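Note that the structure is predicted; figures quoted are calculated from it, not measured. Lettering follows sequence order; numbering is per chain, from 1.
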There are 2 protein chains.
Amino acid sequence: MAGNPASLPEHYETARSKAARLHARLREEILAGVLRPGDALSENLLAEQTAISRTPVREVLHRLSAEGLLRVVPQIGSFVAPINLAAVTDSQFVREALECQAVRQAAAAITRAQASRLGRQIEAQQARIAAGDTAGFFALDEAMHRMILEIAGRATVWQVIAGVKAQLDRVRHLSLQDATWPAMLLSQHQEIAARLIARDAEGAAAAMAVHLRTVFAAIARIAAAHADFFETASPTTQETR
Amino acid sequence: MAGNPASLPEHYETARSKAARLHARLREEILAGVLRPGDALSENLLAEQTAISRTPVREVLHRLSAEGLLRVVPQIGSFVAPINLAAVTDSQFVREALECQAVRQAAAAITRAQASRLGRQIEAQQARIAAGDTAGFFALDEAMHRMILEIAGRATVWQVIAGVKAQLDRVRHLSLQDATWPAMLLSQHQEIAARLIARDAEGAAAAMAVHLRTVFAAIARIAAAHADFFETASPTTQETR
DNA sequence: GGCGGGATACTTGTACACAAGTGCCCAAGG
DNA sequence: CCTTGGGCACTTGTGTACAAGTATCCCGCC
């Protein structure tokens with residue numbers, strides 16, 4: 001389906017999907033730190049590289065700008081946004097408030113079928129850790145948090161969380177070295193799931209808070225170690241206009 | 001060359017600011033119900049009316065689309081988005097979770113100066129109601145909620161709330177008839193402020209929950225009365241514009 | 001050698017022409 | 001009268017040329 005050998009008369013794959021791929025790629029690279037804060041992106045250059053015209057490229061860059069990952073300065077250029085520590089802290093606040101409340105409602109609403117699905121989800125996480133598949137574990141991590149929202153009947157709220165989560169993920173990607181980290185997260189996930197299945201709303205919320213704050217503490221630690229990645233809103237003569 | 005025979009200096013800044021004004025106007029009209037769900041907007045027509053070209057107009061429409069107020073259908077047209085009741089409910093959830101948590105933190109952090117500012121804010125609301133200035137009251141309403149976030153040290157979280165609030169405001173604007181409504185909201189605001197100033201975190205959170213749920217109950221009532229404004233999840237349609 | 005000013009090579013912003021696709025409308029034929 | 005097919009007018013999407021602005025670098029001047 002996707003892999004047309006390029007010689008077919010049907011027009012190429014709709015320039016629009018190319019733009020979507022470009023957006024996904026840039027977002028990924030910014031989150032992963034391949035593109036570092038301050039790096040410049042040129043509309044012309046990207047258009048040339050992707051073989052699409054400036055117009056769709058512009059829309060991609062503006063969208064990234066709206067997501068807080070890019071700064072478009074009118075007649076100067078487009079630059080990967082610095083990581084704003086205040087934005088990271090506020091993202092953490094939003095995530096915690098939303099997910100704790102969601103897990104409370106989930107505890108009240110969870111069905112037997114959902115409980116067993118959640119159990120299997122935890123087992124899958126365990127398997128990924130055993131296999132040393134860190135990336136796979138983090139994918140399941142995100143899936144579990146989404147599942148809790150779904151159980152609470154608030155699936156679409158994930159869009160809001162995803163929006164603020166980008167800032168958190170940028171920091172998280174700065175360090176994936178610690179091999180014991182996923183195991184600790186898993187044990188916290190198990191605690192959340194156990195409280196949830198026991199329909200212990202406040203216990204589940206407390207466990208979620210502990211979980212998210214653990215993640216945030218790590219972020220703060222990372223921030224200190226990678227100060228150059230962060231925006232200094234500090235008193236020094238930083239003329240950010 | 002052939003494009004602009006008279007390169008008049010009249011160009012000014014108008015291009016960009018005109019687009020900003022267009023965005024504000026359309027947003028306002030959609031929220032206020034002047035533009036009703038399903039109404040079509042044409043890029044060409046808007047460009048002609050505003051005397052700017054399609055490119056900035058396009059960006060405005062896409063931005064409105066990202067805000068969930070417009071639907072751009074590729075080769076068909078752009079239409080004012082229907083009010084999705086699920087989206088409204090989820091917006092309510094987000095607001096309640098964020099503002100209740102914020103008011104908890106605010107209760108722990110409020111200073112004497114902030115407490116007196118809050119008291120004056122309440123008095124201002126009272127004055128607007130006494131003057132029969134409903135619009136002014138709602139402006140102060142929003143300002144008070146923002147002030148609580150500020151006291152909690154989470155001022156930038158307002159951006160998230162503002163994003164979801166649009167859906168709620170669309171419904172709220174459907175009915176402003178009930179003259180006793182602002183007075184009830186004021187009394188709830190007074191309760192929140194009292195608990196806040198007393199540093200009663202849980203009491204403040206509970207009062208905030210009561211407040212927001214009162215608003216939401218009204219929204220549900222309005223929804224039933226204006227079913228034609230809402231999106232019907234049913235497959236059959238509609239049309240007849 | 002130090003300094004200042006202007007050409008220049010970029011950047012994003014804007015305008016416009018054209019491409020691709022959809023739905024309506026009307027006319028022709030059964 | 002009903003059905004059906006094609007023309008047409010309209011939509012948004014895309015490509016491209018040009019406008020406006022900024023930073024840099026080099027050359028002339030002091």
Side-chain angles (χ1 to χ4, degrees), chain A residues 4 8-23 26 35 38-67 69-81 238-241, chain B residues 1-23 26 35 38-67 69-81 236-241:
Chain A
N4 260 342
L8 293 181
E10 357 180 317
H11 34 265
Y12 322 157
E13 58 183 295
T14 67
R16 192 169 176 74
S17 67
K18 280 187 189 171
R21 264 212 312 278
L22 176 63
H23 176 267
L26 291 178
L35 291 172
D39 284 358
L41 295 180
S42 163
E43 293 180 357
N44 282 318
L45 189 59
L46 289 173
E48 188 180 348
Q49 291 174 347
T50 57
I52 53 185
S53 86
R54 266 188 64 205
T55 309
V57 170
R58 264 180 71 77
E59 293 190 2
V60 166
L61 294 189
H62 278 52
R63 190 171 155 195
L64 288 170
S65 172
E67 297 175 55
L69 297 176
L70 200 68
R71 280 188 183 176
V72 178
V73 189
Q75 258 71 23
I76 310 289
S78 301
F79 309 92
V80 175
Q238 179 81 1
E239 22 94 47
T240 57
R241 195 238 321 239
Chain B
M1 305 317 213
N4 197 348
S7 53
L8 293 172
E10 315 287 300
H11 241 30
Y12 285 101
E13 69 304 316
T14 42
R16 198 167 177 75
S17 68
K18 275 187 190 173
R21 265 210 310 277
L22 175 64
H23 176 268
L26 291 177
L35 290 172
D39 283 358
L41 294 181
S42 161
E43 293 180 357
N44 282 318
L45 189 58
L46 288 173
E48 188 180 347
Q49 290 175 347
T50 57
I52 55 184
S53 86
R54 267 188 62 206
T55 309
V57 170
R58 265 179 71 76
E59 293 189 3
V60 166
L61 295 189
H62 282 291
R63 190 170 156 199
L64 288 169
S65 172
E67 296 176 56
L69 296 176
L70 200 69
R71 282 187 182 175
V72 179
V73 188
Q75 258 71 23
I76 311 291
S78 301
F79 309 93
V80 176
T236 61
T237 44
Q238 120 217 344
E239 245 21 46
T240 71
R241 184 173 51 261

Chemist: How would you list, by chain and number, every residue that makes a side-chain hydrogen bond (donor to acceptor under 3.5 Å, both in side chains) with A/His23, sequence neighbours excluded?
Modeler: A/Glu67

Chemist: Is any side-chain nitrogen or oxygen of B/Thr55 closer than 4.0 Å to OP1 or OP2 of C/dA15?
Modeler: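 For B/Thr55, the contact criterion (side-chain N or O under 4.0 Å from OP1 or OP2 of C/dA15) is not met.
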
Chemist: How close do A/Val72 and A/Ser65 get, heavy atom to heavy atom, and via which atoms?
Modeler: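 So the minimum-distance heavy-atom pair works out to CG2-CB, 4.1 Å.
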
Chemist: Output all residues satisfying side-chain hydrogen bond (donor to acceptor under 3.5 Å, both in side chains) with A/Gln49, sequence neighbours left out; order by chain, then residue number.
Modeler: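 If we apply the side-chain hydrogen bond (donor to acceptor under 3.5 Å, both in side chains) test to A/Gln49, skipping adjacent residues, there are no hits.
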
Chemist: Tell me: CG of B/Leu22 to P of C/dT14, nearest whole Å?
Modeler: 13 Å

Chemist: So which heavy atom on A/Phe79 is nearest to which on A/Gly38, and how close?
Modeler: CD2-O, 3.6 Å

Chemist: Measuring from atom CD1 of B/Ile52 to atom CG of B/Leu22, what distance do you get when rounded to the nearest 0.5 angstrom?
Modeler: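 These two atoms lie 5.5 Å from each other.
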
Chemist: Assess the residue pair A/Leu26 and A/Leu46 against the criterion (side chain to side chain contact (heavy atoms under 4.5 Å, CB included)); give the C-alpha distance rounded to whole Å, side-chain angles, the decisive distance to 0.1 Å, and a yes or no.
Modeler: CA-CA 10 Å; A/Leu26 291 178; A/Leu46 289 173; 4.2 Å; yes

Chemist: Expected output is a numbered-order residue list: members of residues 56-66 of chain B with a heavy atom under 4.0 Å from any atom of DNA chain D. What is it?
Modeler: B/Arg58, B/His62

Chemist: Nearest to the A/Ser78 side chain among C/dT12, C/dT14, D/dG15, which nucleotide is it?
Modeler: C/dT12

Chemist: Among residues two or more places apart or on two chains, list those pairs meeting side chain to side chain donor-acceptor pair (under 3.5 Å) that have a residue in residues 50-60 of chain A.
Modeler: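 Matches after skipping sequence neighbours: A/Glu43-A/Arg54, A/Glu43-A/Arg58, A/Arg58-B/Glu59, A/Glu59-B/Arg58.
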
Chemist: Is any side-chain nitrogen or oxygen of A/Ser53 closer than 4.0 Å to OP1 or OP2 of D/dT14?
Modeler: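 No, no such contact exists.
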
Chemist: Which nucleotide in the list C/dA15, D/dT12, D/dA23 gets nearest to the side chain of A/Ile76?
Modeler: D/dA23

Chemist: Rounded to the Å, how far apart are A/Arg54 CZ and C/dT12 C1'?
Modeler: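 The distance from CZ of A/Arg54 to C1' of C/dT12 comes to 6 Å, rounded to the nearest Å.
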
Chemist: Tell me whether the side-chain N or O atoms of A/Gln75 pair up with the base of D/dT22 as donor and acceptor below 3.5 Å, since no angle test is needed here.
Modeler: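 Result: no qualifying N/O pair found.
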
Chemist: Can you check nucleotides 6-8 of chain C for protein contacts, nitrogen or oxygen pairs under 3.5 Å, and list what you find?
Modeler:
none

Chemist: If I compare all heavy atoms of A/Ser78 with all of A/Leu61, which pair ends up nearest, and what's the gap?
Modeler: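 Taking A/Ser78 first and A/Leu61 second, the nearest heavy atoms are OG-CD1, 4.1 Å.
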
Chemist: Measure CZ/A/Phe79 against C1'/C/dT11 and give the value in whole Å, please.
Modeler: 8 Å

Chemist: Sequence neighbours left out, what passes side-chain hydrogen bond (donor to acceptor under 3.5 Å, both in side chains) with A/Arg63? Give chain and number order.
Modeler: none

Chemist: Pair B/Val80, B/Leu69 - check side chain to side chain contact (heavy atoms under 4.5 Å, CB included), show working.
Modeler: CA-CA 6 Å; B/Val80 176; B/Leu69 296 176; over 6 Å; no

Chemist: Work out which heavy atom in A/Val60 is nearest to a heavy atom in A/Ala19; give both atom names and the distance.
Modeler: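 Answer, listing the atom of A/Val60 first, then A/Ala19: CG2-O, 3.5 Å.
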
Chemist: Under 4.0 Å, heavy atom to any atom of DNA chain C: which of residues 43-51 of chain A qualify?
Modeler: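 By residue number: A/Glu43, A/Asn44.
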
